[in-house]
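Report on the following structure.
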Amino acid sequence: MRWESDAPAAIAAELDQSRALERFLLDVERRAYRIARIAVRSDDDALDIVQDAMLQLARRYGARSSEEWRPLFFRILQNRIRDCLRRRKVRAKLLAWLPSSHDDREASDPYEHVADEAPLPTQNLATDQAMQRLEVALRELPPRQQEAFMLRNFEGLDVAQTAQAMRCSEGSVKTHYSRAVHTLRARLDDVWGETA
Amino acid sequence: MSRTEDGSERSALETRSKAAFDESVANLDGRTRSALNQARHAALAELEQRKRSPLGRIWGPLTGIAAAAFVLLAMFAPLRSMLTPHDTATQFEDLEIVAGSENIEMLQDLEFYAWLDSADVP
């Protein structure tokens with residue numbers, strides 16, 4: 001019977017798919033965590049975001065071709081980052097209405113003035129300090145420019161993949177990225193510019 | 001200037017910021033690595049579960065029904081084997097008593113019989 005002869009091949013294909021997904025997640029998980037960490041400024045929130053993105057990828061797109069995973073994974077990741085930041089804004093607005101928060105009525109991001117939870121244990125202090133300045137500069141960028149810069153430069157997605165992850169046109173990606181580089185260069189020229 | 005994978009030129013800012021980012025990734029602490037490891041395994045377990053689920057959807061209810069049938073058999077099979085022919089005859093007699101027309105009248109006077117039972121009648 002046909003299904004009997006196909007069964008081992010199907011099992012082998014499933015195993016290959018599992019291994020491919022494991023390799024993919026192993027490859028992207030740390031960079032994804034750092035990207036989320038830069039965006040949301042909280043270790044726990046960044047871990048939750050990456051974990052959720054992994055689960056969603058496996059649940060929804062696990063059966064898809066492995067070539068599609070990278071832009072899909074980063075699309076989910078960016079959506080989760082946006083959800084997290086949105087929740088914080090809503091929470092801040094609600095807290096502003098509470099009687100106990102008379103002194104702080106502005107509905108701002110509560111993490112805006114919070115220092116990073118822990119310094120990164122980098123060996124090179126100069127690189128560490130430069131990275132911290134980059135993170136501050138990245139946070140000051142408009143969200144879409146920040147996304148474009150991190151996906152293109154840090155994750156190494158090409159323009160088409162970045163457009164897929166950001167759900168916008170390739171032209172928009174180029175514009176966001178170009179503006180992000182221009183702003184960062186102006187702010188960090190003394191650290192990483194051509195003249196540094 | 002350096003070049004990216006797609007051939008476009010990279011400025012010093014892009015090259016150096018990428019190097020600093022990669023270094024921060026390489027220096028992630030053990031707690032975070034462990035948490036990411038667990039998250040990855042959870043995602044892979046999810047994938048495995050999704051693969052099994054089409055079959056699980058068919059076998060799940062059938063297994064439940066079979067288990068319920070087994071429990072019923074396990075409960076009542078020993079009772080059946082314990083019943084003697086006398087018990088079976090008694091069961092039929094009980095049924096006759098309950099179903100008899102005169103006993104319907106008795107059921108209507110239950111309060112009287114309850115009083116009779118509790119009263120100290122010689």
Side-chain angles (χ1 to χ4, degrees), chain A residues 14 17-19 21-22 25-26 29-35 37-38 43-44 46-48 50-60 62-63 118 120-124 127-128 130-131 134-135 137-138 149-150 152-156 158-160 181 184-185 188-189 191-196, chain B residues 1-70:
Chain A
E14 281 186 3
Q17 192 80 350
S18 290
R19 284 182 195 141
L21 185 67
E22 185 170 17
L25 294 177
L26 198 57
E29 66 189 19
R30 292 182 192 177
R31 288 195 306 278
Y33 167 77
R34 285 292 294 135
I35 286 172
R37 174 68 177 73
I38 290 169
D43 291 345
D44 291 339
L47 276 172
D48 286 347
V50 175
Q51 181 169 9
D52 198 33
M54 286 177 168
L55 279 171
Q56 290 298 321
L57 183 81
R59 199 173 287 164
R60 291 189 191 173
L120 289 166
T122 48
Q123 291 158 354
N124 187 335
T127 312
D128 187 16
M131 187 65 209
L134 173 66
E135 287 190 29
L138 277 169
F149 186 83
M150 291 205 282
R152 288 277 289 126
N153 195 38
F154 291 168
E155 182 50 33
D158 61 27
V159 176
V181 171
L184 291 174
R185 195 179 289 151
L188 301 167
D189 192 49
V191 188
W192 281 323
E194 317 292 339
T195 56
Chain B
M1 289 272 187
S2 62
R3 286 187 177 275
T4 58
E5 284 173 15
D6 57 2
S8 58
E9 285 186 345
R10 247 186 186 171
S11 64
L13 174 108
E14 289 166 285
T15 309
R16 292 177 192 174
S17 62
K18 170 80 168 103
F21 175 79
D22 287 345
E23 192 180 323
S24 73
V25 169
N27 289 324
L28 277 180
D29 60 284
R31 176 188 161 266
T32 306
R33 288 180 187 201
S34 171
L36 289 171
N37 194 36
Q38 285 175 15
R40 186 176 66 252
H41 284 294
L44 292 169
E46 178 77 17
L47 182 68
E48 290 302 313
Q49 202 177 345
R50 301 291 289 186
K51 281 177 192 166
R52 281 197 298 266
S53 62
L55 209 59
R57 270 182 225 131
I58 299 164
W59 286 108
L62 288 179
T63 311
I65 292 165
F70 177 79

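So that the names make sense, note that chain A is the first sequence line, chain B the second, and so on, each numbered from 1.
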Hey, could you give me the [atom1]/[atom2] distance between [X] and [Y], rounded to the nearest 0.5 Å?
| X | Y | atom1 | atom2 | value |
| --- | --- | --- | --- | --- |
| Met131(A) | Asn27(B) | CE | CG | 11.5 Å |
| Ser17(B) | Leu188(A) | OG | CG | 8.5 Å |
| Glu135(A) | Ser24(B) | CD | OG | 7.0 Å |
| Leu44(B) | Gln17(A) | CG | CD | 11.0 Å |
| Met150(A) | Lys18(B) | CE | NZ | 13.0 Å |
| Asp22(B) | Arg34(A) | CG | CZ | 10.5 Å |

Examine whether an atom of Leu47(A) lies under 4.5 Å from a heavy atom of chain B, and if so say whether it belongs to the side chain, the backbone or both; otherwise answer neither.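 Just its side chain gets close to chain B.
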Residue part contacting chain B, namely of Leu55(A), when any heavy atom lies under 4.5 Å: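 Answer is both: backbone and side chain atoms of Leu55(A) are under 4.5 Å from chain B.
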Holding to salt bridge (Lys or Arg N to Asp or Glu O under 4.0 Å), I want the full list of residues that pass it with Arg60(A), two or more places apart in sequence or in another chain.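 Salt bridge (Lys or Arg N to Asp or Glu O under 4.0 Å) list for Arg60(A), sorted by chain: empty.
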Would a 4.5 Å heavy-atom cut-off, applied to side chains only, mark [X] and [Y] as touching?
| X | Y | result |
| --- | --- | --- |
| Asn153(A) | Phe21(B) | no |
| Thr32(B) | Asp43(A) | no |
| Arg33(B) | Glu29(A) | no |
| Val25(B) | Tyr33(A) | no |

Looking only at non-hydrogen atoms, find the nearest pair between Ala58(A) and Ala43(B) and report the distance.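 Distance-wise, the nearest heavy atoms are CB-O, 3.2 Å.
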Write down the atom of Leu36(B), the atom of Met54(A), and the distance for their closest heavy-atom approach.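 Smallest interatomic distance, heavy atoms only, reads O-CE, 4.2 Å.
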Between chain A and each of Glu46(B), Arg31(B), Arg40(B), count heavy-atom pairs under 4.5 Å; write down the option with the most.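 Between Glu46(B), Arg31(B), Arg40(B), the count favours Arg40(B).
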Chain B interface, residue from Leu184(A), Val181(A), Leu26(A), Asp52(A) that has the most non-hydrogen pairs under 4.5 Å: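 Sorted descending by pairs with chain B, the first entry is Leu26(A).
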Which of Gln51(A), Glu22(A), Arg59(A) touches chain B most, by non-hydrogen pairs under 4.5 Å: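 Ranked by contacts with chain B, first place is Arg59(A).
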